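Right, one structure below, let's go through it.
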Amino acid sequence: MHPAAVLQLERMIGEYNTWRAVPEGERSPAPAWWWGPAIELRASSELLPAKWCAELGLPDRATYASAADIFLGAFAGQTIVPWPYDFPSKAEIPDPAVRELHPQPSDDSAFQP
């Protein structure tokens, strides 16, 4: 297992547990940034560390593919992904249909003559 993939999964497990701690009615949809790493791990037959098995509610000697199934299962039935500031719980916004987008400088305006 590539060390970067292991670090990424460790971060995802922490995020997943934080997300699951939010009551379901207040919880945001699963974040899109879990998708890519979960897809990459779904064919791995390497064993997860016992600590991670426990944190994900998996039996001892579960594989990285089993962890990927947990993350992919979080997307089941989901039709939207959260905005970054809506994770792990939904942000309180008066009108959820309208989000303020701050103007960004164009490439040309960033470099004044």
Side-chain angles (χ1 to χ4, degrees):
M1 180 71 52
H2 192 277
V6 172
L7 287 174
Q8 196 165 30
L9 180 61
E10 182 176 26
R11 177 189 59 110
M12 288 169 54
I13 291 170
E15 290 175 351
Y16 179 77
N17 289 327
T18 300
W19 180 71
R20 294 284 297 173
V22 174
E24 194 167 343
E26 299 171 20
R27 189 183 307 155
S28 69
W33 57 86
W34 290 350
W35 181 261
I39 291 293
E40 290 178 21
L41 294 173
R42 67 188 171 141
S44 177
S45 60
E46 289 186 47
L47 298 179
L48 274 175
K51 177 183 177 193
W52 292 357
C53 290
E55 289 180 24
L56 291 172
L58 293 169
D60 287 343
R61 305 193 46 81
T63 64
Y64 280 87
S66 300
D69 289 341
I70 297 273
F71 289 99
L72 294 173
F75 294 107
Q78 187 171 303
T79 58
I80 61 170
V81 294
W83 287 75
Y85 52 80
D86 281 347
F87 180 80
S89 59
K90 298 175 187 172
E92 295 294 326
I93 297 175
D95 184 2
V98 178
R99 306 248 183 192
E100 184 177 338
L101 298 176
H102 301 286
Q104 300 293 314
S106 69
D107 290 340
D108 295 337
S109 68
F111 302 100
Q112 297 297 322

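Note that the structure is predicted; figures quoted are calculated from it, not measured.
- Closest of all the heavy-atom pairs between Phe75 and Pro31 is CZ-O, 3.2 Å.
- Residues satisfying the side-chain hydrogen bond (donor to acceptor under 3.5 Å, both in side chains) test with Arg11, not counting sequence neighbours, are Glu15.
- Here the CG-CZ distance, from Leu56 to Arg20, works out to 10.5 Å after rounding to the nearest 0.5 Å.
- Taking CD1 from Ile70 and CD from Glu55, the interatomic distance works out to 12.5 Å, rounded to the nearest 0.5 Å.
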Check residues 36-53 and write down every donor-acceptor pair under 3.5 Å in which the side-chain atom is one partner and the other belongs to a residue at least two apart or another chain.
unit_1, atom_1, unit_2, atom_2, d
Arg42, NE, Ile39, O, 3.3
Ser44, OG, Glu46, N, 3.4
Glu46, OE2, Met1, N, 2.8

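- Sequence neighbours left out, the pairs with a member in residues 60-82 that pass side chain to side chain donor-acceptor pair (under 3.5 Å) are Thr63-Ser66.
- Across all non-hydrogen atoms, the minimal contact from Ala74 to Trp34 is CB-CZ3, 4.3 Å.
- Side-chain atoms of Trp19 never come within 3.5 Å of backbone atoms of Arg27 as a donor-acceptor pair (strictly under, hydrogens ignored).
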